[in-house]
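Ligands are counted one by one from 1 in listed order, and the atoms in each one are counted from 1 as well. Numbering of residues begins at 1 and proceeds along the displayed sequence. Basis for what follows: all heavy atoms, side chains included, without hydrogens, waters or symmetry-related copies. Quantities reported herein were computed from a predicted structural model and do not represent experimental measurements.
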Amino acid sequence: FNTHQGAEESFSDVTFEDIGGQETAKNELLEALEFVRDINKVKSLGIRPLKGIMLSGPPGTGKTLMAKAVARHIDSVFISTSGSEFVEMYAGVGAKRVRELFEKAKDSAHKKNKTNAVIFIDEIEILGGKRGQNSSHLEYDQTLNQLLVELDGMSIDDEINILVIGATNRIDILDKAILRPGRFDRIVKVDLPDKDGRHKILEIHTRDKPLAEDVDLEQIAKETFRFSGAHLESLANEAAIMAMRANSKEIKSSHFKEAIDKVMMGEKLNRRPRQ
Ligand code: ATP
């Protein structure tokens with residue numbers, strides 16, 4: 001396999017229980033996955049097989065986690081890559097990488113004796129942006145075209161079932177062709193968590209941490225409006241660091257308070273435009 005290609009193969013140990021909140025998104029995914037699990041019924045009823053799912057939402061809201069949970073739920077190999085891996089100066093390289101990505105998915109499923117493979121493409125807008133709108137648009141066009149060719153070429157009778165999951169926070173700039181029926185059929189919206197979602201995420205990320213009695217996760221959830229899952233994970237970690245610095249065996253409410261300030265500050269100081 002081309003070593004320039006950043007596609008990584010891994011085993012997913014993430015379950016849907018590890019994802020806090022996002023109930024609608026999780027339910028939509030589980031419902032869609034029935035089609036993958038019950039392939040014989042899908043075949044006999046002549047239903048179009050599910051080829052692609054698009055996860056759309058802001059950074060750090062658990063899109064990667066969801067893709068991993070999907071892979072585990074349908075007992076499949078997990079191949080992950082990013083749209084930026086397909087951007088090359090040389091014509092044809094991006095398209096070649098797309099072909100290799102699908103080959104790799106089939107190969108690793110074979111090797112692991114699995115019938116399913118999940119290909120996760122983060123920042124898919126980089127490779128699937130509207131055609132003809134980039135300065136080097138020919139190269140992008142070829143890459144996106146190859147992705148469409150691969151999707152269209154997948155059939156329910158294939159030995160290995162591939163499910164492609166794309167993630168984007170710019171669904172508005174995706175080429176419409178990619179979202180057409182039979183390609184990325186399902187669009188699952190993921191959003192910043194609400195208060196209950198934040199509470200659940202905090203529970204998940206503090207489950208292995210010693211919390212002092214004065215810690216009220218419900219209250220912390222109230223005070224962390226607009227925090228993403230990634231912020232909350234970082235908050236739990238920072239609070240533990242504060243406890244360590246203070247030589248405390250438990251993480252106290254005061255450590256969480258300091259940590260909230262720190263995460264909020266970091267957000268302001270580090271905010272750079274995403275490419
Ligand atoms: P990006 O768009 O930046 O790639 P993403 O939406 O794919 O982000 P993830 O990579 O899944 O986000 O999330 C980053 C980390 O934040 C996760 O590893 C996890 O620790 C935490 N996290 C995010 N959302 C959740 C959630 N709903 N439940 C639990 N943890 C979460």
key: Phe120 and Phe78 aromatic ring geometry - parallel, tilted or perpendicular at 30°/60° bounds   = parallel
query = If we only count N/O pairs under 3.5 Å, is Ile201 in contact with ligand 1?
reply = no
query = Out of Ala230, Pro58, Ala25, Ala236, who gets a non-hydrogen atom closest to atom 15 (C) of ligand 1?
reply = Ala230
task = Report yes or no: does a heavy atom of Ala167 sit under 4.0 Å from some atom of ligand 1?
result = no
ask   = Below 4.0 angstrom, N of the basic side chain to O of the carboxylate: do Lys106 and Glu159 qualify?
value = no
Distance-only N or O hit between ligand 1 and His205, under 3.5 Å = yes
Gly60-ligand 1 polar pair, N/O distance under 3.5 Å = yes
ask   = Looking at ligand 1, does any of its N/O atoms fall within less than 3.5 Å of an N/O of Thr61?
value = yes
message = Would a single hydrophobic cluster contain both Val14 and Val77, if residues Ile, Leu, Val, Met, Phe, Trp and Tyr are joined by side-chain heavy-atom contacts under 4.5 Å?
response = no
Residue among Lys26, Arg207, Lys200 satisfying salt bridge (Lys or Arg N to Asp or Glu O under 4.0 Å) with Asp18 = Arg207
request  = Report yes if Ile19 has an N/O atom closer than 3.5 Å to an N/O atom of ligand 1; otherwise report no.
outcome  = no
inquiry  = Only heavy atoms of Asp122, strictly under 4.0 Å: list the atoms of ligand 1 that pass.
reply    = 4 (O)
CD on Glu34 to NZ on Lys41, rounded to 0.5 Å = 8.5 Å
ask   = Would Ile121 end up clustered with Val118 when hydrophobic side chains under 4.5 Å apart are linked, directly or stepwise?
value = no
task = Determine, for Arg48 against Asp185, whether the closest basic-nitrogen to carboxylate-oxygen distance falls under 4.0 angstrom.
result = yes
request  = Counting heavy atoms only, name the option from Gly197, Ser56, Ser234, Gly20 that's nearest to atom 27 (N) of ligand 1.
outcome  = Gly20
key: Same cluster (ILVMFWY, side-chain, under 4.5 Å), Ile124 and Ile119   = yes
ask   = Which is it for Glu233 and ligand 1 at heavy atoms under 4.0 Å: side chain, backbone, both or neither?
value = side chain
query = Is Pro59 in polar range of ligand 1, meaning some N or O pair under 3.5 Å apart?
reply = no
message = Would Asp18 count as a contact residue for ligand 1, given that I'm defining contact as a non-hydrogen atom of the residue lying under 4.0 Å from a ligand atom?
response = yes
